[in-house]
Amino acid sequence: MSELPPRDNDPFDDADALPDGLSEGLPDEFDEIVASETTRDPDLAVIEAGSRTLRTQAGPPAADIPARPEDPEVDKALRAVETELASRWGETKLEPSVSRIKALMDVLGEPQRAYPSIHLTGTNGKTSTARMIEALLSAFELRTGRYTSPHVQSVTERISLDQAPISAERFIETYEDIKPYVEMVDAQQEYRLSFFEVLTGMAYAAFADAPVDVAVVEVGMGGSWDATNVIDADVAVVTPIDLDHTDRLGKTPGEIAGEKSGIIKQDATVILAQQPVDAAQVLLKKSVEVNATVAREGLEFGVASRQLAVGGQMVTLRGLGGEYEEIFLPLHGAHQAHNAAVALAAVEAFFGVGAARSEPLDIDTVRKAFSQVSSPGRLEIVRTSPTVLLDAAHNPAGARVTAAAIGEVFDFSRLIGVVGASGDKDVRGFLEAFEPVFAEIVVTQNSSHRAMDADELAAVAVEVFGEDRVQVEPRMPDAIEAAITLAEEEGEYAGGGVLVTGSVITVGEARLLLGRG
């Protein structure tokens, strides 16, 4: 693809070759790589393999997306840790229990109790909201730890200190510190600790060691039996609940809310984003049972007004302590304004606004914090002429808000979708949400073992879009090139664009291929 950065000489040997589906060349080696990675989690293997090679062509990463370590010895040590972590159960294989993580916390001396915490669950918007909460707390001079998942490009993104991903060196040290205790728990349990459980233990240990003043923790899945749910958070945040992971969490928003309500603890403050009626009823009932104080978006707090601005939007938020006017948010879409309202209310609750104190937070500090928020892979512009956007939407609810935001913010005369989805998602509902905004769609496949086969995805896409609007390019570089070509058909100044979406993994791989800006 002429628009992609040229590939430099690969500094790694053949064992580190880039899998097919991420870049040109090496088409015969991908199967060999996958076959040899029998002890690794495939998602982690392909993303990290891509990172090793593509970092040379993607340009400097953003501060919140770390590259591979430049020191060969550190990189080697990090690979060893990644390999050990990936030999465990992946995040899609679950045994719903917190017994193993509780045992690990016990032998580590309960590090998760060394600091107060804000715990987030929900279906969409968790990571963006967590980043906003972190930015606000940091602006008020608190040392923060943030734990989110999944990662876009590097596993070290998941654990952040002071708004920056933990360094590779610290990630390695933290793993080595807790490794003997992990092995001790493994020996005592019916099943070994999973990939996510060990990472959660690492995050809690790293936060205690820092030490942080407050931890912002996003659940991996659900709530009650999620590995993160060994904290007793002072503030529980529930972002909008919709249908996702229905095979594990429930078939209705109400059933899913029952699982997610598990993060609501005795005497906590609960910040509820706007919810479906049945989900709200479940969450309110649980709050009453544990004597929790509830603040609801649209009643106790919310978005008072919003208008488009260059590079984002200008919002007025109604918080628990009053109105906060003229806040610039450098993120697109009404959903991000609502995430901001939820984040503000959560931080107000943490500081006791509306309960122990009546005055609002300092407006200038709030403005500064929101103006510096970023959320990689969420309507992120990675190139222009034509504009290429990345968005990690992966379910119908996420697709709907992304489609609405695109219609509001971007004046595309022709938008081409590049979609690579996971096989366990509601793909038809996802595609139907994007059908009104995509002129055409290029169906592809990311390198994950969970990826839906491109031909299977194309069959669904044809039913939704019609055969004339669907193109199949199984390899992602080919898909991006095809989409750019389609977007450019109307000429340089016609306003064509490309949106790459369908999965966090799809977005991560595209981000590596295209670089930033």
Legend entry - Inter-residue atom distance Leu85.CG - Ser87.OG, 0.5 Å rounding: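 Reported to 0.5 Å precision, the distance equals 7.5 Å.
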
Legend entry - Reported CG-to-CE distance for the pair Asn446 and Met476, which is rounded to 0.5 angstrom: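 Reported to 0.5 Å precision, the distance equals 5.5 Å.
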
Would you say [X] and [Y] make side-chain contact, with heavy atoms under 4.5 Å?
X: Arg158; Y: Leu199; result: yes
X: Glu440; Y: Arg414; result: yes
X: Ile327; Y: Met314; result: no
X: Val237; Y: His119; result: no
X: Ile381; Y: Thr387; result: yes
X: Val217; Y: Leu120; result: no
X: Arg400; Y: Asp242; result: yes
X: Glu259; Y: Met221; result: no

Inset, instruction - Among Thr121, Val342, Thr123, find the one that has a side-chain contact (heavy atoms from CB on, under 4.5 Å) with Val238. - result: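 That would be Thr121; it is the only one of Thr121, Val342, Thr123 passing the side-chain contact (heavy atoms from CB on, under 4.5 Å) with Val238.
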
Legend entry - From Thr506, Val443, Thr501, residue fulfilling side-chain contact (heavy atoms from CB on, under 4.5 Å) relative to Val419: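 Passing option: Thr501.
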
Inset, instruction - Sequence neighbours left out, what passes ring pair (Phe, Tyr, Trp, His ring centres under 6.0 Å) with Phe370? Give chain and number order. - result: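 For Phe370, no residue satisfies ring pair (Phe, Tyr, Trp, His ring centres under 6.0 Å) once neighbours in sequence are set aside.
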
Inset, instruction - Please determine, by modelled atom types, if Glu134 and Ser160 share a side-chain donor-acceptor pair under 3.5 angstrom. - result: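 There is no such pair between these side chains.
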
Inset, instruction - Would you check if there is a donor-acceptor pair between the side chains of Asn395 and Asn124 at a distance under 3.5 Å? - result: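 Yes.
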
Taking every non-hydrogen atom, the tightest pair across [X] and [Y]:
X: Glu297; Y: Gln274; value: OE1-N, 3.0 Å
X: Pro253; Y: Ile241; value: O-CG2, 3.8 Å
X: Ile172; Y: Ala77; value: CD1-CB, 3.7 Å
X: Gln163; Y: Thr144; value: N-OG1, 3.9 Å
X: Ser503; Y: Ser422; value: OG-OG, 4.1 Å
X: Phe430; Y: Pro396; value: N-CG, 3.7 Å

Inset, instruction - Could you pull out all residues at least two apart from Ala483 that satisfy side chain to side chain contact (heavy atoms under 4.5 Å, CB included)? - result: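 Counting only residues at least two positions away or on another chain, Ala483 forms a side chain to side chain contact (heavy atoms under 4.5 Å, CB included) with Ile416, Val418, Val442, Val498.
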
Inset, instruction - May I ask you to decide whether Glu197 forms a salt bridge with Arg88, counting only side-chain N to carboxylate O separations under 4.0 Å? - result: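 Salt bridge between Glu197 and Arg88, a charged N being under 4.0 Å from a carboxylate O: no.
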
Legend entry - N-O pairing of Glu82 and Arg68 below 4.0 Å: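 Here Glu82 pairs with Arg68 in a salt bridge, since their nearest N and O are under 4.0 Å apart.
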
Legend entry - Candidate pair Asp391 and Thr402, rule side chain to side chain donor-acceptor pair (under 3.5 Å), full reasoning: CA-CA 8 Å; Asp391 193 87; Thr402 297; 2.9 Å; yes

Inset, instruction - Check whether the ring centres of Phe196 and Tyr147 lie less than 6.0 Å apart, and answer yes or no. - result: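 When the ring centroids of Phe196 and Tyr147 are compared, they turn out to be within the sub-6.0 Å range.
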
Legend entry - With sequence neighbours excluded, residues passing side-chain hydrogen bond (donor to acceptor under 3.5 Å, both in side chains) with Thr444: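 Expected list: none.
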
